[in-house]
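Beneath this line is the structure, given in structure tokens, with notes to follow.
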Amino acid sequence: MHFGVVSFPGSNCEQDAVHAIRYLGHDASFVWHQERDLSKFDAILLPGGFSYGDYLRCGAVARFSPVMEEVVREAEAGKPIIGICNGFQILTEAHLLPGALIRNVGLKFLCKTVALRLENSVCKWTDAPAGTVYHLPIAHNEGNYICDPDTLKALQDNGQIVLRYCEENGEVLPNSAPNGALDNIAGICNERGNVLGMMPHPERVCDGVAGNRDGVDFFNGIVRMLEGAVL
Amino acid sequence: MAKYQIFVTAKKGIFDPAGTISKNALGNLGYEGINDVKIGKFIQMDVDDSVTVEDIEEMCEKLLANPVIEDFTIGAED
């Protein structure tokens with residue numbers, strides 16, 4: 001199981017991602033943003049950071065880098081793609097996921113561990129039971145998810161909402177999202193379930209050094225899925 | 001040579017903290033009748049005559065603005 005971890009100029013979580021994947025016993029390689037061949041990878045990860053300085057809008061410029069053409073092609077072919085934080089922003093800019101991520105409602109960069117509830121979704125990246133509560137770190141200024149009402153309804157009806165911000169007991173309250181995200185959305189997937197975008201950082205909590213190991217499911221889940229079934 | 005001026009602002013209903021804060025601050029200064037303030041981006045482009053307004057529109061839709069959250073207007077300068 002080989003993960004390709006894309007490095008854009010300004011990415012800063014690609015080392016953590018490669019470390020986490022290798023720690024869990026899988027293969028991981030860095031992929032420079034100028035590369036065009038992703039065929040040897042079983043899954044692609046777009047890491048967090050500030051690609052291209054986040055100039056214009058977060059993810060707007062990265063979307064047009066050469067590697068993204070191939071990411072879009074592979075995503076449409078069904079290959080598992082995960083975008084974390086800035087990677088999520090890039091996936092929305094590339095229209096692989098609907099909606100957009102705008103400035104946090106409190107205008108502050110949020111850097112802390114938050115409680116998240118895994119929802120009943122079509123997402124293939126984790127096979128843990130719906131209702132599982134994770135504690136994952138967030139670190140972002142633009143994590144306030146927004147989309148139009150029709151898109152939100154489609155996300156809800158199709159089971160595309162993967163993670164919601166919640167309280168410690170797993171309850172999702174109107175203001176559980178620290179960034180103001182619509183419907184407390186922290187992560188969504190496409191209709192097919194192979195493309196996942198999430199603001200929290202599972203790669204930071206895989207080896208146990210940073211408090212817990214709640215990020216493990218997001219990597220081992222897709223590995224189990226790929227090894228056990230055809231996407 | 002042609003010069004285009006592009007204004008990019010948050011769509012109606014999309015969180016525009018800079019605009020909201022400025023509107024409130026103007027109110028605090030005693031200015032009345034200010035219904036809305038939007039703060040966005042101003043982009044100026046110098047292009048060859050071969051570049052059309054339609055090209056600029058396409059550039060806005062693809063890159064310079066995100067139609068999910070932003071509106072844009074294009075003005076030309078003679």
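As the structure is a computational prediction, the values presented were derived from the model and not from experiment. A note on names: the letters A, B, ... follow the listed sequences, proteins ahead of strands, and every chain is numbered from 1.
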**OP:** Pick one of side chain, backbone, both or neither for A/Leu56, based on which atoms fall under 4.5 Å of a heavy atom in chain B.
**Re:** both
Original post:
So with a 6.0 Å cut-off around CZ of B/Phe42, is the heavy-atom count from everything else above 12?
Top reply: yes
Subject >> Heavy-atom pair of closest approach, residues A/Ala100 and B/Asn66 >> reply: CB-ND2, 4.0 Å
**OP:** Decide if atom OH of A/Tyr55 counts as having more than 12 heavy atoms of other residues, nucleotides or ligands within a radius under 6.0 Å.
**Re:** no
**OP:** Heavy-atom distances under 4.5 Å only: say whether B/Lys11 touches chain A with side chain, backbone, both or neither.
**Re:** neither
Original post:
If you draw a 6.0 Å radius around CG in B/Asp55, do more than 12 non-hydrogen atoms from other residues or ligands fall strictly inside?
Top reply: yes
Original post:
How many angstroms lie between CD1 in B/Ile69 and CZ in A/Arg57, if you round to the nearest 0.5 Å?
Top reply: 6.5 Å
Subject >> Beyond-backbone contact of B/Phe15 with A/Leu107, side-chain heavy atoms, under 4.5 angstrom >> reply: yes
Original post:
Is there a donor-acceptor pair closer than 3.5 Å between any side-chain N or O of A/Arg103 and the backbone N or O of B/Asp16?
Top reply: no
Original post:
Just wondering, more than 12 heavy atoms not from A/Lys153 lying within 6.0 Å of its NZ?
Top reply: no
**OP:** Would you mind checking which part of A/Asp148 comes under 4.5 Å of any heavy atom in chain B, side chain (CB onward), backbone (N, CA, C, O), both or neither?
**Re:** neither
